[in-house]
Amino acid sequence: MKEPVKIVLRSGKDQSAKRYHPWIFSGAIKKIHGKPVEGEIVEVYSNQDEFLGTGHYQEGSIAIRILSFGTEEIGEDFYLARIREATEARARLGLLNNDETNVFRLVNAEGDGLPGLIVDYYDGIAVMQFHSIGMHLHRDLLLKGLQETLAQKLTAVYDKSASTLPSRYAAKYQNEYLFGGPEQKVVREYGNQFRIDWEKGQKTGFFIDQRENRKLLGEYSGGRKVLNLFGYTGGFSVYARRGEAELINTVDSSAHAIDLAIQNMDLNFRDQSRHKGMAADAFEFLANPPDTYDLMILDPPAFAKHHNVLSNALQGYKRLNRRAIEIIAPGGIIFTFSCSQAVSRDNFRKSVFTAAANTGRRVRILHQLAQPADHPVSIYHLEGEYLKGLVLQVD
Ligand code: SAH
């Protein structure tokens, strides 16, 4: 085997790697000894020739994703060990053999020591989403790791990376089954049923990260009039109905999502008279709401995909939250979220603060929400903490 390419960082640019941050930005690189192809395993050294770690090389702003700060070989055994570790962590959370909840995140990229890889588990089906070329080049090893770890539990593996990998590379690939084939799947989350379409749905098919927040919403729903904005396939709406809400409106700009939301309500409840799904733009809906609500969910898509559009994103959160706080009934509750990685918890709270101040209403924070434990965050990589939420009481 040829020696791995050696990459030397500029003086002073080794601090973040020494603190176990798994990304090396292209601007930190002083010299590349050799010509690595994209996805190749490279070794990273400081300007003083100290070994820092081994990772996948890629052209672009994040030049190296470090897989190991030690000297272990990155191969079959390495991937198997990391997948096993991730699976054992989910087992400890009680998610692995659980009849009430059989959908969870099995691998959360940097949070599980596997930068560039997401694996979501839908009762036997693993949906892999690759975000780095190097990880994708190793997908057969990762598949093997999943098969060995999950054994008979695994019925299919779907690679859904055509839109998450750089197009120069992904052009050669399409989303495809690496094992097994299409199935109709209804999963359970806290006993609630959801039909999952991982092939056509957004992300890997379901927003698993909102599980605990949906459960909390259910506890607030009794007797309330609920508006679920950006409701996708009705996750929060099902919990609201389970919690005996008086009325639930699910709004999403995607008509297909609304169809699925209605189907999901049908799967769970016989009486649909309390629920209505509406395909509409959330901002337009809020300009002229058909009812007065006292429980609202604001769970928009990431307004800021990059740092350079941060101020626009903060304006978006401000506008959305301001309008919601303005129109909610006295004593109303708002579950408000941001899933933009580029928006910090502080910045998000500040935009909600400004929104509240603009309305002049009394607003209290009841809960501060985040992503659940099957979406762990490495303490050295706070970028992994993307989901932030506040539960507000508005008097
Ligand atoms: N709360 C959902 C996930 C929301 S994802 C859950 O728990 O499953 C964000 C959703 O916002 C997507 O379904 C997307 O179709 C929708 N969306 C994006 N822009 C929108 C807009 N302007 N108005 C309404 N919905 C929008």
Side-chain angles (χ1 to χ4, degrees), residues 101 103-105 120 122 127 163 186-190 192-198 200-218 220-221 226-243 245 248-265 267-268 275-290 295-305 309 312-313 315-321 323-324 334-341 343 369-372 374-375 386-391:
T101 301
V103 45
F104 56 88
R105 177 153 292 183
D120 284 343
Y122 297 106
V127 181
S163 63
V186 172
V187 297
R188 280 188 303 281
E189 188 188 83
Y190 284 119
N192 295 301
Q193 303 192 74
F194 294 99
R195 182 174 301 286
I196 308 293
D197 183 351
W198 50 88
K200 293 195 202 67
Q202 297 182 31
K203 300 278 174 75
T204 67
F206 194 54
F207 290 85
I208 302 173
D209 53 3
Q210 290 284 25
R211 180 183 59 243
E212 304 306 318
N213 304 330
R214 286 191 276 259
K215 179 166 180 267
L216 183 67
L217 183 278
Y220 275 96
S221 296
V226 181
L227 174 58
N228 181 8
L229 280 179
F230 308 93
Y232 189 45
T233 52
F236 280 100
S237 301
V238 167
Y239 281 75
R241 178 69 177 76
R242 184 78 65 206
I248 304 138
N249 287 171
T250 308
V251 175
D252 197 285
S253 54
S254 154
H256 180 61
I258 290 297
D259 277 349
L260 292 172
I262 291 169
Q263 285 181 35
N264 281 329
M265 290 298 270
L267 266 177
N268 289 279
H275 178 248
K276 198 165 166 199
M278 286 170 265
D281 175 83
F283 289 92
E284 283 171 23
F285 187 91
L286 281 183
N288 238 327
L295 179 52
M296 285 168 60
I297 301 112
L298 312 174
D299 185 21
F303 283 156
K305 291 242 154 71
V309 291
N312 285 351
Q315 284 302 329
Y317 291 118
K318 215 181 292 175
R319 196 154 70 91
L320 178 64
N321 283 278
R323 184 61 185 151
I334 301 178
F335 278 60
T336 181
F337 297 97
S338 162
C339 61
S340 308
Q341 195 180 69
V343 173
L369 306 178
Q371 61 214 64
D374 53 335
H375 294 61
Y386 65 95
L387 184 62
K388 302 148 290 271
L390 295 170
V391 179

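Positions are given from 1 along the sequence. Just follow the structure's listing: the first ligand is 1, and inside any ligand the first atom is 1. Only a predicted model underlies this, so the values are computations on that prediction, with no experimental measurement involved.
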Looking only at protein heavy atoms, which one is nearest to [atom], and how far off is it?
{"atom": "atom 13 (O) of ligand 1", "value": "Asp252 OD2, 2.7 Å"}
{"atom": "atom 4 (C) of ligand 1", "value": "Phe230 O, 3.1 Å"}
{"atom": "atom 2 (C) of ligand 1", "value": "Asp299 OD2, 3.5 Å"}
{"atom": "atom 22 (N) of ligand 1", "value": "Asp281 OD1, 2.8 Å"}
{"atom": "atom 18 (C) of ligand 1", "value": "Pro301 CG, 3.5 Å"}

| query | Can you say whether the rings of Phe303 and Tyr317 are parallel (under 30°), tilted (30 to 60°) or perpendicular (over 60°)? | reply | tilted
Can you sort out which atoms of ligand 1 are near [X], meaning under 4.0 Å from one of its heavy atoms?
{"X": "Ala280", "result": "23 (N), 24 (C)"}
{"X": "Phe236", "result": "1 (N), 7 (O)"}
{"X": "Gln202", "result": "12 (C), 13 (O), 14 (C), 15 (O)"}

| Checking Glu212 side chain against Pro372 main chain: does a donor-acceptor pair fall under 3.5 Å? | no
| Hey, do the aromatic rings of Phe207 and Phe230 have their centres closer than 6.0 Å? | no
| task | Assess the side chains of Thr204 and Tyr122: does a donor N or O sit below 3.5 Å from an acceptor N or O? | result | yes
| remark: Test ring pair (Phe, Tyr, Trp, His ring centres under 6.0 Å), reference Phe206, set Phe194, Trp198, Phe104, output is Phe194
| Step by step, would you call Phe285 with Arg323 a side chain to side chain contact (heavy atoms under 4.5 Å, CB included)? | CA-CA 11 Å; Phe285 187 91; Arg323 184 61 185 151; over 6 Å; no
Applying a strict 4.0 Å limit to heavy atoms, is [X] in contact with ligand 1?
{"X": "Ala257", "value": "no"}
{"X": "Cys339", "value": "no"}
{"X": "Thr233", "value": "no"}

| From Glu284, Arg214, Met278, His256 - option closest to atom 6 (C) of ligand 1 by heavy atom | Arg214
| remark: Nearest non-hydrogen contact to atom 25 (N) of ligand 1 from the set Gly234, Gly235, Ser253 belongs to Ser253
| query | Met278 versus Asn249: any side-chain heavy-atom pair under 4.5 Å? | reply | yes
| task | Measure Ala282 to ligand 1 on non-hydrogen atoms and call it side chain, backbone, both or neither using the 4.0 Å cut-off. | result | both
| query | Say you draw a straight line from NE2 of His275 to CZ of Arg241; how long is it, rounded to the nearest 0.5 Å? | reply | 10.5 Å
| Do Arg319 and Phe283 meet the cation-pi criteria used here (NZ or CZ under 6.0 Å from the six-membered ring centre, within 45° of the axis)? | yes
